[in-house]
Amino acid sequence: MKKYTEYKHLDLPAIGSDMLNFWEHAHIFDKSVSSREDSVPFVFYEGPPSANGMPGIHHVMARAIKDIFCRYQTLQGKLVKRKAGWDTHGLPIELAVEKTLGITKEDIGKKISIEDYNKACRKEVLKYQDRWEELTRLMGYWVDMKHPYVTFDNTYMESVWWLLKQLYSKDLLYKGYTIQPYSPAAGTGLSSHEINQPGCYRNVKDTSAVAMFKLADALSKLPGAEALDTYFLAWTTTPWTLPSNTALAVGAEIEYVVVKTYHPSTHQAVQVVLAKDLLSTHFPEKNADLEFAAYKAGDKAIPFQVVASHLGKALAGLRYEQLLPFAQPEDGDAFRVITGDFVTTSDGTGIVHIAPSFGADDFRAAKQNGIGSLTLVDKRGRFLPQVQDGTFLYGEEYVKEAYLDEAEKAASLEKQRVALQGIIADTSKIQYLSVDERIVLKLQQEGKLFKKEKYEHSYPHCWRTDKPILYYPLDSWFVKVTAKKDRMIELNKTINWKPEHTGTGRFGEWLNNLQDWNLSRSRFWGIPLPIWRSEDGTEEKCIGSVEELKREIEKATQAGYPSEFPMDETLDLHKPYIDRVVLLSDSGKVMHRESDLIDVWFDSGAMPFAQMHYPFENKAEIDDRTNYPADFIAEGVDQTRGWFYTLHAISVLLFDSVAYKNVVSNGLVLDKNGNKMSKRLGNAVDPFETIAKYGADATRWYMITNASPWDNLKFDQEGIAEVQRKFFGTLYNTYSFFALYANIDGFAYAEEEIPLAQRPEIDRWVLSELNSLIALVDNAYSEYEPTKAGRAIEYFVAEHLSNWYVRLCRRRFWKGSYTSDKIAAYQTLYTCLETIAHLASPIAPFFSDRLFKDLNAVAGRNTSESVHLSRFPKVQEAHIDKALEERMELAQKICSMVLSIRKKENIRVRQPLNTIQIPITGSGLKEKIEAVKELILSELNVKKIEFVDESQTRIVKNLKLNFKTLGKKCGKDMKEVQAYAAANSKEIIGQIEAEGKAMVHIAGNNYQLDPEDVDIIPVDIPGWKVANAGAITVALDTVITPELKEEGLARELVNRIQNLRKEKFLEVTDKITLHIEDHEQMRTAILNNLNYICTETLAVSLVSEGPIDPAGADLVDVDEEIRILIKINKA
RNA sequence: AGUCCCGUAGCUCAGUCUGGUUAGAGCACUACACUGAUAAUGUAGGGGUCGACAGUUCAACUCUGUCCGGGACUACCA
């Protein structure tokens, strides 16, 4: 006879390692895939992590979510392949290598060859691969780590090249200018990632100026304006960009005013244009009343007067004279007013000076409006030679003071002292004047300056050189995602986002404001852009495969341009090797590779295709859509504009399809105080330690059930301990209880299934609840709501199964012979436990499998080797009986109320009582209670329930208004009706009970109260002890008759004997003989309950005798007054 | 700066979509009970201006607006 395994105590970490062993030896994961080879696929994509850092606790969170739904779908019979992946390129890796080697970007190619550098990167990137694999294993995340995709593999890179070539052929890949953060001091562009490092933004004081741009169009285009010189006012904190100005931007819906005033330096009458909202910051209110005629040159108070007002969009198209004409833009129709959505009236003048070369917004706005640019600053941060006038500017000057060293400053100062004579009174006294300051001086001289001031603002600095950065136009390759913007938005609407707002909000907004994707990175370790270009830039070729590369190399070689590039097994498509390839254009020109790498985000976004080396292998799987798009992906919410976006963009652009149908974006894992975890702060939680201490199941369960995955999780180890106790402890206890008695009775589920109809109410109830639970959990998993699933399982186990079913049914398991009632109890409990194993297995894979295997090792009901190879339970609709569930809820409520009365009256449950009374309200209440009467009586240790007709006048009733119906009826008089009803509740109750309605008169209005407008609730039965909750009231007869007292004593005695049995380590099944010392108060109690006492304690004989020998006997207190000796012997 | 999320008991969270009667759980705390599931369990208690203000409504934790605090992402702008 096989026995259910019984355990000494619950050890989740041990169960974890046991099950890991079993899974590995029996190849359960492989089987969970191979056993479903012919089934419908459920496509999952693993977002590749970068293994150059240690995995953290948040990875357990993200991976638990992935695992849950993959396991669930496997239980549903789907084929769920999961290929692991590694993200291996990119800046974080390069920066880590630079740090390790103690070098900077400038050293690469000098102090260290690119070859060696990239070798170091290749090594760095998988530094912690074994730790990642170990965590994956320990936490029970099932993913195929034996055959991962690796983004630095040639096959992966080849697929990426193929995708790039598709983009190229579709004209979706182009070379263009973009404005990027650029450090002239370091001579390199910076990524936004670099700029966002702490300390890069610093407060600096710059000279700001409001410049005057003279209207060049006819005044008739500005209705209402007078016949005066007219200027647009625009503010800048970087006057050095003014020579490169090519446009002015206004807000389309912002209101602008034309103001008549006097020029601040020429003192001529002029008109200026600025935003109405900012009028008062430039023109003090008090000057509005000044007489124009009274103004004299040099007066401090300058009169002004608004002469016209226009919306920004009406100003669009107006032309102005170039402010500082050092050079002309080569293309485009410059020096016009345009509109821009970025224009605000928070400061300045509401008119923005646009220098397209030195600002991202500027560049975009200029491009959209067909306006060319001027880039009058070189890459070292100096003006071009033509920016000189001999007086203020001397050509080839650094535009930021910080770029000059002391000697350069001194030399420049000498120049200034000469050149500025006549403009500045005593030039010997001046300090070095920055370019900004001199431009302001120049504007003032030329009558183009409205105002100047020092302005403090935060400005980004280069983290390597500490010098201010510039925004500078650089050559870059772009993916023209804007060409498919509408389609991307449209297809996004078909994606099921969890939570929804991430898709509509964060992602949707991002798509609505889509910009072309800058693909270029001037780095070393990444996928090289497969584009070769002729020196003059007129011809180029995009290579889409290794094969094509080979052909082109051969072609060039034959024409006399051999490349030193091995095409054998040492092939490596990385730098520096690929840069040695020289190709020929169609017309025979030599072409070299564009030096950039591609954005690492393209690598990961390409994974649906590149992980399969598409289209060079596995072509059909993509083309026939069996492995594409994904049914499900999941990552942190920080990937919304990262991986989620790049997947979507590549898919829509090239395959006109979504890349994934369902996506879960989880929130952050914070420390228990809500702070971000970081190694630096020392509050990072080590996932290995956590799993070792609590087990993966408890960790996963805690993370999933504590909060929805998309909310941030405040990770507190106490919470895991609680889950361990509350959920796993309770479930384990329930199993232990089952195993204990099933082993005694030899229950192996060998008997015929006892039909539902023949099982007692409580069995049918728990099975009904169980099937309701299956439906709920199934639904929650299928809708990607793991928290709801977990919480429902938890609730069922703790409340329904353990605290009610097992507690009430205990006697059925240990009492009496092996009857059909007992078998029904075993079958019911078994079914519950096994079902829970299935339902919980996606979240708690270890414990669930242990439970499943322990049960089936004896019962053999389910032949699956592991719960993870089984099928998800089917809801048996016939078992669900909602009315029964309601009845039981009612029973629980009544029990809890009566227990609270007992508590208040200080009558222990062991003391039997005679009667509870329940006033019957509403129809069917009596029948409902009748059905669960036995449970209530035994739980409460009461003899009988009496139902009291509610019409009995002795019952005290309360009137409660139904605001939902009455609110509609009474409207504004609701409050008064309420007050009236409170004051006259007796009359109203009487009327409604007698006539079925009651009338209320308020302020001339009559309102009829119908029975549905009120609840009449019995609250008290005078002379009884009562409790009420909602519409239910119960009363308890607390009189203890002599019979009841005896019965109570007998129960106390049984209790003491049971305790003695336990102290003496008797087996649950051992029979005993009893000798009880005679006591007058106990005499009749024992006599009248002899049978009861003997069956309960398994006594074959009971002798009550006079004084007994204290030797071998125990002295016990039966109650406060009775102390007797009891002797127990094993029979 | 923009977009989005969050704010309910000491802590972790339900409830808000669809307004209605006394805002609920668990943990923690206190007291008492129960106990052949026992490192479990029950009952009772204290603990809440539902982030603030305004609006809509007979009625607002719930709807609307503004703001405050925390967080994420994106951008960095005259």
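Heavy atoms only: backbone and side chains are in, while hydrogens, waters and symmetry mates are out. Order of the sequence lines sets the chain letters (A, B, ...), proteins ahead of strands, with each chain counted from 1.
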From the options [options], select the nucleotide whose nearest atom is closest to the side chain of [X].
| X | options | result |
| --- | --- | --- |
| K714(A) | C77(B), U12(B), A14(B) | U12(B) |
| N733(A) | A37(B), A14(B), U12(B) | A37(B) |
| R807(A) | C77(B), U41(B), U12(B) | U41(B) |
| N712(A) | A40(B), G71(B), G42(B) | G71(B) |

[X] [atom1] - [N] [atom2] separation (whole Å):
| X | N | atom1 | atom2 | answer |
| --- | --- | --- | --- | --- |
| Y472(A) | C77(B) | OH | C1' | 20 Å |
| L10(A) | A40(B) | CG | C1' | 12 Å |
| Q911(A) | U43(B) | CD | P | 21 Å |

task = Mind listing the residues from residues 240-250 of chain A sitting with a heavy atom below 4.0 Å of RNA chain B? Number order is fine.
result = none
Side-chain N or O of [X] less than 4.0 angstrom from OP1 or OP2 on [N]?
| X | N | value |
| --- | --- | --- |
| N803(A) | U41(B) | no |
| R810(A) | A37(B) | yes |
| Y645(A) | U74(B) | no |

Thinking salt bridges, do [X] and [Y] make one under a 4.0 Å N-O criterion?
| X | Y | answer |
| --- | --- | --- |
| E1052(A) | R1056(A) | yes |
| K498(A) | E785(A) | yes |
| K788(A) | E783(A) | no |

Is the gap between the ring centers of [X] and [Y] under 6.0 Å?
| X | Y | value |
| --- | --- | --- |
| Y182(A) | Y471(A) | no |
| H800(A) | Y805(A) | no |
| F644(A) | W497(A) | yes |

inquiry  = Please check this pair: side chain of Y320(A) against backbone of A247(A), looking for a donor-acceptor N/O pair closer than 3.5 Å.
reply    = yes
task = Tell me yes or no: between the side chains of E794(A) and W701(A), is some donor less than 3.5 Å from an acceptor?
result = yes
message = Before you tell me yes or no, could you show the steps for F358(A) and W240(A) under ring pair (Phe, Tyr, Trp, His ring centres under 6.0 Å), namely the whole-Å CA-CA distance, both residues' side-chain angles and the distance that decides it to 0.1 Å?
response = CA-CA 10 Å; F358(A) 305 116; W240(A) 61 269; 5.0 Å; yes
query = Taking the six-membered ring for Trp, are W517(A) and Y645(A) parallel (under 30°), tilted (30 to 60°) or perpendicular (over 60°)?
reply = tilted
N/O contacts under 3.5 Å, protein versus nucleotides 26-31 of chain B?
unit_1: G26(B); atom_1: O2'; unit_2: E722(A); atom_2: OE2; d: 2.9
unit_1: C27(B); atom_1: OP1; unit_2: K726(A); atom_2: NZ; d: 3.3
unit_1: C27(B); atom_1: O4'; unit_2: E722(A); atom_2: OE2; d: 3.4

inquiry  = Holding to side chain to side chain contact (heavy atoms under 4.5 Å, CB included), I want the full list of residues that pass it with L776(A), two or more places apart in sequence or in another chain.
reply    = A792(A)
Distance-only criterion, 3.5 Å: show the donor-acceptor pairs between side-chain atoms of residues 726-742 of chain A and protein atoms not counting sequence neighbours.
unit_1: T730(A); atom_1: OG1; unit_2: K726(A); atom_2: O; d: 2.4
unit_1: Y732(A); atom_1: OH; unit_2: Y7(A); atom_2: O; d: 3.2
unit_1: Y732(A); atom_1: OH; unit_2: H9(A); atom_2: N; d: 3.4
unit_1: T734(A); atom_1: OG1; unit_2: T730(A); atom_2: O; d: 2.8
unit_1: Y735(A); atom_1: OH; unit_2: T5(A); atom_2: N; d: 3.4
unit_1: Y735(A); atom_1: OH; unit_2: T5(A); atom_2: O; d: 2.8
unit_1: S736(A); atom_1: OG; unit_2: Y732(A); atom_2: O; d: 2.9

Within the sub-3.5 Å range, which N or O atoms of nucleotides 3-5 of chain B have a protein N or O partner, and how far apart are they?
unit_1: C4(B); atom_1: O2'; unit_2: H501(A); atom_2: ND1; d: 3.4

ask   = Does S802(A) get its side chain close enough to the base of A37(B), under 3.5 Å, for a donor-acceptor pair?
value = yes
remark   = Taking Watson-Crick and G-U wobble contacts under 3.5 angstrom, with | marking pairs to another strand and [ ] crossing pairs, the secondary structure of RNA chain B is written (((((((..((((......[...)))).(((((.......))))).....(((((..]....))))))))))))....
